[in-house]
Amino acid sequence: MFNKRVKIKKLLATEATGQEVIVMGWVRTFRNNQFIALNDGSTNNNIQVVIELGQLDDATLKRITTGASLKVTGTLIESLGKGQKVEVKAGTVEILGDCDPEKYPLQLKNRPSLEYLREIAHLRFRTNTFGAVFRVRHSLAHAVHKFFHEKGFVYLHTPIITASDAEGAGEMFRVTTLSMDNPPRNTDGSIDFKEDFFGKSTNLTVSGQLEGELGATALGEIYTFGPTFRAENSNTTRHLAEFWMIEPEMAFSDLEDNMNLAEEFIQYIIRFAMDNNREDLEFLAQRLVEEEKALPQDKRSEFGLIEKLEFVLNNGFERITYTEAIDILLNSPAYKKKKFQYEVKWGIDLQSEHERYLVEKHFKKPVIVTNYPKDIKAFYMRQNDDGKTVAAMDILAPGIGEIVGGSQREERLERLEQRMREMHIPVEEMNWFLDTRRFGSVPHAGFGLGFERIVLFVTGMTNIRDVIPFARTPKNCEF
RNA sequence: UCCCGAAUAGCUCAGUUGGUUAGAGCAUCUGACUGUUAAUCAGAGGGUCACUGGUUCAAGUCCAGUUUCGGGAGCCA
């Protein structure tokens with residue numbers, strides 16, 4: 001019975017021919033006891049269902065409230081009113097699910113704030129904004145797989161649970177089945193993890209990269225796309241405790257191949273969303289304009305959302321070395337006017353204010369910064385011949401900051417072991433990883449891209465909690 | 001974790017120098033109207049002013065602490 005339903009997106013694109021149709025959806029508004037704006041999530045646009053006066057009994061009429069779900073059988077006709085091309089002249093109207101307006105927390109005419117909607121995240125999909133965001137998110141996710149598949153990459157499912165604590169990418173969530181009240185202990189009082197489920201201490205993954213390298217050095221090119229967990233006490237608009245990360249890894253590749261892949265990849269998935277979600281992106285662009293009306297002129301975006309995305313597609317990314325970035329900062333008017341709070345000199349990690357200056361003021365587009373000082377980067381990055389820098393690359397995006405972090409990997413065993421010892425990484429526990437360098441080692445490279453951050457960039461949303469269905473952040477694990 | 005800010009009706013907000021019974025728009029309810037487009041018009045109900053303590057003749061308003069939320073910073077993707 002349900003499969004005869006026509007999705008509203010399809011219906012709105014259909015010529016009115018007087019055909020009988022079945023539509024189902026949720027009431028957005030009910031005007032004049034006569035006009036129902038019905039939405040089924042396939043598009044932000046509603047189909048107007050028209051009820052003749054006296055067609056329905058009063059009891060049924062009263063049950064057509066905002067949020068109620070309906071099955072309507074009727075005739076698709078050319079609209080008699082202005083504002084829409086077609087409408088459904090109702091034959092029968094069946095209430096699938098009532099929605100008590102006194103209790104329903106989502107009254108759209110109240111212009112609920114994003115903050116309020118976060119508190120009712122289980123219902124916020126029913127708004128235009130979140131409908132658009134999550135349809136775009138879907139397209140981006142689909143495009144990720146499409147891109148890598150077309151390039152011959154293998155989608156590798158790296159583990160969620162890991163015993164490795166050497167990834168160094170942040171605080172980890174412990175995974176255990178031991179009793180919290182009375183855990184087994186060693187004679188010295190420490191907890192005896194030999195009794196734990198895996199017989200050792202385990203955590204949720206903070207990165208699939210190391211396992212990804214194992215795959216890439218056999219399958220050639222792989223990518224991961226899965227949930228990632230960081231137990232950092234980060235309270236920002238761009239951090240989540242549980243987020244989705246994409247990590248490609250390529251054998252026989254260097255830093256430049258890596259940059260080329262990252263740029264092509266980002267452009268590809270943006271293009272896919274532009275081609276497949278034009279209406280949603282236009283809605284989000286308009287939403288951004290409305291939101292920014294409240295801001296002073298100088299805080300508003302220079303370009304609209306669509307223009308920003310088109311610019312990225314047409315102009316690509318700026319590429320500079322870390323050393324060049326420092327020079328630009330030192331010669332900047334902002335530096336000379338002492339606008340920077342943090343010191344600028346070779347060797348520092350770039351602060352948010354520095355990244356923002358480079359991306360938003362100087363270049364006004366995404367920037368790839370390469371060859372960072374080795375002391376501020378991870379142990380596995382390939383050491384350059386200058387002895388000071390490593391073949392790292394970060395991609396910085398306007399309004400978001402770091403969106404990609406990657407590098408060419410150190411494939412020379414001695415260099416890698418030496419660096420691990422310098423940085424106090426337990427070499428013995430990493431033998432499985434070092435075997436890739438012992439047996440047929442090859443130059444290889446890869447990067448990690450925070451999926452929610454690219455969704456932020458494409459949708460123009462500004463808080464990462466608004467681009468994932470149910471955000472996990474410090475002190476917040478609702479739903 | 002640090003800095004700054006906020007918390008008043010279901011939602012979005014106003015509330016003056018501390019001073020009578022705390023307001024508006026929307027939502028909700030009742031009625032009217034009936035080709036509406038965030039429908040319109042008339043009326044009604046709706047408040048532990050986040051919590052705890054303090055100052056004061058008097059606190060939504062001032063002070064302290066707590067909680068939650070937002071923005072920024074750090075950590076990073």
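Proteins get letters first, then strands, A, B, ... in listed order; numbering begins at 1 in each. Because the structure is predicted, anything quoted here is derived from the model rather than measured.
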All N/O contacts under 3.5 Å from nucleotides 69-71 of chain B to the protein, with atom names and distances to one decimal?
from    : atom 1 : to      : atom 2 : distance (Å)
rG70(B) : OP1    : R118(A) : NH1    : 2.8
rG70(B) : OP2    : R465(A) : NH1    : 3.3
rG71(B) : OP1    : N463(A) : ND2    : 3.2
rG71(B) : OP2    : N463(A) : ND2    : 3.3

- [ ] Determine the sole option in Q19(A), K89(A), E20(A) for which the side-chain contact (heavy atoms from CB on, under 4.5 Å) test with L76(A) is passed.
- [x] Q19(A)
Looking at [X] and [Y], does any basic side-chain N land under 4.0 Å from a carboxylate oxygen?
X       : Y       : answer
R419(A) : D375(A) : yes
R382(A) : D254(A) : no
E249(A) : R409(A) : yes
R137(A) : E452(A) : yes
D40(A)  : K10(A)  : no
R118(A) : D466(A) : yes

Task: Under 5.5 Å and under 30°: F243(A) stacked on rA77(B) - done: yes
Could you list the protein-to-nucleotides 24-32 of chain B atom pairs, N/O on both sides, closer than 3.5 Å?
from    : atom 1 : to      : atom 2 : distance (Å)
rC26(B) : O2'    : K109(A) : O      : 3.0
rC26(B) : O2'    : N110(A) : OD1    : 3.2
rC26(B) : O2     : N110(A) : OD1    : 2.7
rA27(B) : O4'    : N110(A) : OD1    : 3.0
rU28(B) : O2'    : E102(A) : OE1    : 3.3

Is [X] touching bases, backbone alone, or none of the nucleic acid, heavy atoms closer than 4.0 Å?
X       : result
G448(A) : sugar-phosphate
Y342(A) : sugar-phosphate
L240(A) : base
E52(A)  : nothing

Open item on the list: Check whether R230(A) reaches the backbone of V206(A) with its side chain - one donor and one acceptor, N or O, closer than 3.5 Å.
Closed with: yes
Open item on the list: Determine whether a donor-acceptor pair (N or O, by modelled atom type, separation under 3.5 Å) exists between the side chain of E242(A) and the backbone of F229(A).
Closed with: no
In whole Å, measure the gap between the [atom1] atoms of [N] and [M] for me.
N       : M       : atom1 : result
rA73(B) : rA58(B) : P     : 45 Å
rG74(B) : rU56(B) : P     : 45 Å
rG45(B) : rU61(B) : C1'   : 28 Å
rU66(B) : rC3(B)  : P     : 12 Å

Measure [atom1]/[X] against [atom2]/[N] and give the value in whole Å, please.
X       : N       : atom1 : atom2 : value
D394(A) : rA77(B) : CG    : P     : 8 Å
E452(A) : rA77(B) : CD    : C1'   : 9 Å
L204(A) : rA77(B) : CG    : C1'   : 17 Å
N233(A) : rC76(B) : CG    : P     : 15 Å
Q34(A)  : rU40(B) : CD    : P     : 16 Å
R126(A) : rC11(B) : CZ    : P     : 18 Å

Open item on the list: At a heavy-atom distance below 4.0 Å, what parts of residues 346-359 of chain A sit against RNA chain B?
Closed with: Q351(A), S352(A)
Open item on the list: Is the shortest side-chain heavy-atom distance between N110(A) and Y116(A) below 4.5 Å?
Closed with: no
Task: Heavy-atom donor-acceptor pair, S234(A) side-chain to rC76(B) base, under 3.5 Å - done: no
TODO: Go through the N and O atoms of the side chain of N32(A) and the base of rU36(B), and report whether any donor-acceptor pair is under 3.5 Å.
DONE: no
TODO: Identify, with sequence neighbours excluded, every residue that meets ring-ring contact (aromatic ring centres under 6.0 Å, His included) alongside Y268(A).
DONE: F147(A)
Task: For E478(A), side-chain hydrogen bond (donor to acceptor under 3.5 Å, both in side chains) partners two or more places apart - done: none
How are the rings of [X] and [Y] set to each other: parallel, tilted or perpendicular (split at 30° and 60°)?
X       : Y       : answer
W244(A) : F225(A) : perpendicular
F447(A) : F265(A) : tilted
Y357(A) : H362(A) : tilted

TODO: Starting at the 5' end of RNA chain B, write a dot or bracket for each base, bracketing those in Watson-Crick or G-U wobble pairs whose two distances are under 3.5 Å and using | for partners on another strand.
DONE: (((((((..((((.....[...)))).(((((.......))))).....(((((..]....))))))))))))....
